[in-house]
Amino acid sequence: MACLAAFSLRSPAPPKAPAAPKEYVITQYGASTDSTKLNTQAIQKVIDKASAAGGGTIVIPKGVYLSGALFFKPGTHLRLQAGAKLKGSDNIADYPLVPSRMEGQKLDYYAALVNATKVNGFTINGPGTIDGNGLNFWKRFWFYRDSMSKLGKYATNLEVHRPRLVFIWGSDNVAIKNVKLHNSGFWTTHLYQSNNVLIEGCDIRSPFRPVKAPSTDAIDIDVCRKVTVRNCYISVNDDGIAIKGGKGPTAQKLPENGPIEDVLIENCTFGEVHAALTCGSECIHANRITMRNCKMDNERPVLLFKMRPDTYQVYENITVDGITGKCGTIVTLSPWTQFFNMAGSTEKPFGTIRNITVSNVKVKCKQFAVLNGNPTDKVSNITFKNVDATADQAAFPNKYPDIKFQNVTLNGTPLTAATQTAPAATPLKPD
């Protein structure tokens with residue numbers, strides 16, 4: 001017994017909590033409080049110093065700090081204090097051309113304002129602002145596109161060089177919380193080949209007026225797994241949350257492409273957007289996507305399927321539940337031919353949509369739905385359950401027999417599962 005008592009007294013002490021990452025306040029390392037002075041080099045030196053020392057949090061204090069592309073390294077984090085604004089340069093020369101990913105393609109493109117590649121555990125915290133200062137990029141885009149239109153030509157998004165706001169590539173266990181992400185020159189938040197990502201409590205915006213901010217998707221989820229978007233406000237001049245992953249007739253064969261799985265969007269409010277949740281326009285496989293308990297305040301689709309006739313697509317096991325407010329349609333499923341390119345292939349791509357559930361919805365809309373994809377698309381098992389919709393246009397197009405309605409009313413009249421032809425409400429054209 002004496003031996004046992006002695007042994008119990010030598011039980012190990014509980015482990016100590018890990019120390020908080022060291023903080024590096026940029027103004028203490030040469031960053032200027034002059035909002036007109038470019039701070040790229042000074043801030044990058046702080047990031048490099050923190051990483052070399054084993055990691056730390058780069059702190060942006062109150063004030064406006066102009067910068068070009070910043071590259072975060074292993075062990076580093078970003079925090080923006082109240083009143084802090086990291087403001088992007090509007091000169092594309094301040095964003096180097098680097099190996100990247102854009103519009104479902106592997107290519108060299110201009111770095112984002114905030115970049116993190118292979119930085120597991122990377123975090124961005126507010127309550128400050130990352131502002132892309134995109135006005136001059138938007139103006140150049142519209143000037144170029146108008147110039148091409150006068151020549152009878154069509155301009156693509158990539159022809160006017162613009163930076164994204166945040167690009168995270170190959171990084172797992174990432175959190176972006178309580179930060180304002182505003183006025184991006186191009187896509188706002190692009191996640192690529194990254195898993196277990198949380199975006200929470202963020203305010204993500206770009207304007208529709210007086211100058212539209214083209215292609216400023218709030219969150220692009222591209223070849224990722226386990227992504228949660230929670231308690232965010234989103235209003236951008238393009239898609240709110242876009243599920244991506246590759247495009248083209250052989251996209252499913254390329255190693256840089258892949259599925260998007262296990263995405264949860266909850267308790268978010270969508271102001272003006274082109275659609276709240278979009279599958280496409282470059283996506284080969286989306287599986288287990290859930291949007292729940294969200295409020296709409298716009299005239300665009302809640303759920304949009306962009307069906308590319310040049311890409312094999314599978315969209316399956318998608319749930320939309322607990323939606324309220326004002327929208328354009330609850331679901332739009334239609335062809336998407338923007339930048340169509342078969343690249344000389346003789347393939348005959350088609351889309352597969354199956355196991356889609358829309359439930360517990362109470363909205364005022366322009367039109368209940370548009371269910372009218374490409375001729376070869378295979379659509380099955382779409383269920384609307386417990387839906388109460390008031391629509392400006394009662395009839396809606398549906399050419400698929402495997403659509404189920406359970407306790408669904410449109411303008412006070414019960415809906416039954418029946419294909420019907422009807423004109424679609426005129427959609428806004430994509431930027």
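None of the values given here were measured: they were computed from a predicted structure. Reckoned from all heavy atoms, side chains included, excluding hydrogens, waters and symmetry mates.
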Evaluate Lys306 against Asp239 for salt bridge (charged side-chain N to carboxylate O under 4.0 Å, His left out), listing each step before the verdict. CA-CA 11 Å; Lys306 296 179 177 178; Asp239 298 318; 2.9 Å; yes
Find the distance between [atom1] ([X]) and [atom2] ([Y]) and round it off to the nearest 0.5 Å.
| X | Y | atom1 | atom2 | value |
| --- | --- | --- | --- | --- |
| Leu303 | Thr332 | CG | OG1 | 8.5 Å |
| Arg79 | Glu23 | CZ | CD | 4.0 Å |
| Gln367 | Asp392 | CD | CG | 9.5 Å |
| Ile243 | Ile318 | CD1 | CD1 | 8.0 Å |
| Arg225 | Ser194 | CZ | OG | 12.0 Å |
| Asp238 | Phe208 | CG | CZ | 8.0 Å |

Any donor and acceptor pair, going by atom type alone, linking the side chain of [X] with main-chain N or O of [Y] inside 3.5 Å?
| X | Y | answer |
| --- | --- | --- |
| Thr188 | Thr216 | yes |
| Ser235 | Arg205 | no |
| Asp90 | Asn133 | no |
| Asn374 | Thr376 | no |
| Asn39 | Ser32 | yes |
| Asp377 | Gly351 | yes |
| Asn183 | Ser206 | no |
| Ser184 | Leu165 | yes |
| Asn120 | Asp172 | yes |
| Arg308 | Gln338 | yes |

For the residue pair [X] and [Y], establish whether any side-chain heavy-atom pair is separated by less than 4.5 Å.
| X | Y | answer |
| --- | --- | --- |
| Val331 | Leu371 | yes |
| Arg164 | Ser100 | yes |
| Tyr400 | Ile382 | no |
| Phe339 | Asn157 | yes |
| Asn173 | Lys226 | no |
| Ile43 | Leu86 | yes |
| Arg162 | Ser215 | yes |

Taking the six-membered ring for Trp, are [X] and [Y] parallel (under 30°), tilted (30 to 60°) or perpendicular (over 60°)?
| X | Y | answer |
| --- | --- | --- |
| Tyr312 | Phe350 | perpendicular |
| Phe137 | Tyr95 | perpendicular |
| Trp169 | Phe167 | tilted |

Residue [X] excluded, over 12 heavy atoms near [atom1] under 6.0 Å:
| X | atom1 | result |
| --- | --- | --- |
| Lys295 | NZ | no |
| Phe143 | CZ | no |
| Lys362 | NZ | no |
| Lys399 | NZ | yes |

Below 4.0 angstrom, N of the basic side chain to O of the carboxylate: do Asp203 and Lys180 qualify? no
Salt-bridge contact Lys153-Glu159 (side-chain N to carboxylate O under 4.0 Å): no
Might you point out which heavy atoms bring [X] and [Y] nearest each other, and give the distance in Å?
| X | Y | result |
| --- | --- | --- |
| Met342 | Pro349 | CE-CD, 3.9 Å |
| Gly68 | Thr40 | N-OG1, 2.7 Å |
| Gly55 | Tyr24 | O-CE1, 4.1 Å |
| Gly258 | Val223 | N-CG2, 3.6 Å |
| Asn298 | Arg300 | OD1-N, 3.0 Å |
| Pro423 | Gln393 | O-NE2, 2.6 Å |

Decide side-chain contact (heavy atoms from CB on, under 4.5 Å) for Val179 and Leu78; before the verdict, give the C-alpha distance in whole Å, the side-chain angles of both, and the deciding distance to 0.1 Å. CA-CA 10 Å; Val179 68; Leu78 174 62; over 6 Å; no
Start with the C-alpha distance between Lys247 and Asp310, add both sets of side-chain angles, then the distance that settles salt bridge (charged side-chain N to carboxylate O under 4.0 Å, His left out), and finish with yes or no. CA-CA 8 Å; Lys247 69 176 180 181; Asp310 61 1; over 6 Å; no
Please report the C-alpha distance between Thr129 and Leu80 in whole Å, then the side-chain angles of each, then the deciding distance to 0.1 Å, and finally whether the side-chain contact (heavy atoms from CB on, under 4.5 Å) criterion is met. CA-CA 7 Å; Thr129 303; Leu80 299 108; 5.9 Å; no
Derivation of the side chain to side chain donor-acceptor pair (under 3.5 Å) call for Ser359 and Asn386: CA-CA 5 Å; Ser359 59; Asn386 299 331; over 6 Å; no
Evaluate Met291 against Val302 for side-chain contact (heavy atoms from CB on, under 4.5 Å), listing each step before the verdict. CA-CA 10 Å; Met291 180 166 69; Val302 176; 3.4 Å; yes
Which of Gln252, Glu316, Gln313 passes side-chain hydrogen bond (donor to acceptor under 3.5 Å, both in side chains) with His285? Answer is Glu316
Before giving the answer on side-chain contact (heavy atoms from CB on, under 4.5 Å), spell out for Ile124 and Val174 the whole-Å C-alpha distance, their side-chain angles and the decisive distance to 0.1 Å. CA-CA 8 Å; Ile124 301 175; Val174 170; over 6 Å; no
Can you check side chain to side chain donor-acceptor pair (under 3.5 Å) on Asn125 and His77, steps first, answer last? CA-CA 8 Å; Asn125 282 286; His77 309 268; over 6 Å; no
Identify which one of Asp48, Asn115, Val114 satisfies the side chain to side chain contact (heavy atoms under 4.5 Å, CB included) criterion when paired with Phe72. Val114
Criterion salt bridge (charged side-chain N to carboxylate O under 4.0 Å, His left out) on Arg288 and Asp262, from CA distance to verdict: CA-CA 5 Å; Arg288 297 187 300 276; Asp262 300 308; 2.6 Å; yes
CA sep, side-chain torsions, deciding dist, call: Glu272, Arg209, salt bridge (charged side-chain N to carboxylate O under 4.0 Å, His left out): CA-CA 11 Å; Glu272 286 186 281; Arg209 61 194 67 82; 2.9 Å; yes
Is the distance between the ring centroids of Tyr110 and Phe186 under 6.0 Å? no
